[in-house]
Amino acid sequence: ETGVTQTPRHLVMGMTNKKSLKCEQHLGHNAMYWYKQSAKKPLELMFVYSLEERVENNSVPSRFSPECPNSSHLFLHLHTLQPEDSALYLCASSQDSQWAGELFFGEGSRLTVL
Amino acid sequence: AQKITQTQPGMFVQEKEAVTLDCTYDTSDPSYGLFWYKQPSSGEMIFLIYQGSYDQQNATEGRYSLNFQKARKSANLVISASQLGDSAMYFCAMREASGGSNYKLTFGKGTLLTVNP
């Protein structure tokens with residue numbers, strides 16, 4: 001299995017829908033991350049979890065709700081999104097959040113909000 | 001102000017030639033790390049090379065080398081002997097403290113490299 005797996009790879013949703021993105025890492029890492037990648041903008045860090053505890057929340061709107069039930073799984077729950085939330089959402093993991101250096105990324109979930 | 005600046009939105013290189021992708025950074029932290037990632041069309045970000053701020057020598061990984069000029073705050077990526085599979089987006093990133101004992105990566109906007117046959 002690949003190191004970091006994200007599902008679904010593509011998601012189309014209306015503004016009133018509720019959906020979730022899933023990320024699973026098989027690397028034995030202790031830290032997991034959600035990044036947002038919009039066109040022509042740098043990657044934006046959204047959330048950081050270390051040992052299942054949220055250690056960073058970069059002023060992300062409450063319509064994005066992360067969940068980390070264990071160190072191998074990370075979810076991003078989505079509700080009442082806006083069209084400007086359409087982007088590629090990348091999950092990553094690292095040995096621990098105190099290093100955050102060599103991140104291992106998944107292939108991303110491309111979200112389209114209609 | 002941008003922490004990481006990549007001034008080249010797109011670059012073209014002929015197969016088998018070398019290419020340099022530019023990156024400048026801004027930090028007041030004496031301890032930092034610089035990274036390059038490759039993102040092919042599949043979407044996955046692939047780690048290429050790392051340079052620590054205290055490293056005396058420029059980092060090298062196979063065909064990748066990092067031209068680290070600390071005084072100029074630049075960390076350019078050099079790809080030698082370009083291959084068609086090198087066509088991708090390339091991102092420069094800097095590790096910086098984000099509070100407490102945690103760190104985060106800040107990314108540049110990226111450079112789209114196209115290798116021509």
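These numbers were taken from a predicted model, which means no experiment stands behind them. Quick note: numbers below take in every heavy atom, side chains included, and nothing from hydrogens, waters or symmetry partners.
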Should [X] and [Y] be counted in the same cluster of Ile, Leu, Val, Met, Phe, Trp and Tyr side chains packed under 4.5 Å apart?
X: A:Phe47; Y: A:Leu74; answer: yes
X: A:Leu88; Y: A:Leu114; answer: no
X: A:Tyr89; Y: A:Phe75; answer: no
X: A:Tyr33; Y: A:Leu51; answer: no
X: B:Ile4; Y: B:Tyr90; answer: yes

For the aromatic rings, using the six-membered ring if either is Trp, is the centroid distance between B:Phe107 and A:Tyr35 under 6.0 Å?
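Yes, ring centres under 6.0 Å apart.
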
Between A:Ala92, A:Ala31, A:Gly106, who has the most heavy-atom pairs with chain B when the cutoff is under 4.5 Å?
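Result: the option with the highest number of such pairs is A:Gly106.
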
Working to the nearest 0.5 Å, report the span between [atom1] of [X] and [atom2] of [Y].
X: A:Glu44; Y: B:Thr106; atom1: CD; atom2: OG1; result: 11.5 Å
X: B:Tyr50; Y: A:Glu102; atom1: OH; atom2: CD; result: 11.0 Å
X: B:Met45; Y: A:Cys91; atom1: CE; atom2: SG; result: 13.0 Å

Does B:Leu105 reach the side chain of A:Leu45, with side-chain heavy atoms less than 4.5 Å apart?
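Not in contact.
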
Determine whether more than 12 heavy atoms belonging to other residues, nucleotides or ligands lie under 6.0 Å from atom [atom1] of [X].
X: A:Lys18; atom1: NZ; answer: no
X: A:Glu84; atom1: CD; answer: yes
X: B:Lys73; atom1: NZ; answer: yes
X: B:Gln57; atom1: CD; answer: no

Looking at every heavy atom in both [X] and [Y], which two are closest together, and how far apart are they?
X: A:Arg9; Y: B:Ser42; result: NH2-O, 3.0 Å
X: B:Phe91; Y: A:Leu43; result: CE2-CD1, 4.1 Å
X: B:Lys109; Y: A:Lys41; result: CG-C, 4.4 Å

Could you walk me through whether B:Gln39 and A:Leu90 pass side chain to side chain contact (heavy atoms under 4.5 Å, CB included), step by step?
CA-CA 11 Å; B:Gln39 186 179 39; A:Leu90 289 163; 4.0 Å; yes

Name the region of A:Gln6, side chain, backbone, both or neither, that has any atom closer than 4.5 Å to a heavy atom of chain B.
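Neither part; nothing is under 4.5 Å.
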
Check step by step if side chain to side chain contact (heavy atoms under 4.5 Å, CB included) holds for A:Phe105 and B:Tyr37.
CA-CA 10 Å; A:Phe105 284 85; B:Tyr37 283 83; 3.8 Å; yes

Based on non-hydrogen pairs under 4.5 Å, which of B:Gly33, B:Gly110, B:Gly108 is most in contact with chain A?
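Looking at each option in turn, the highest pair count goes to B:Gly108.
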
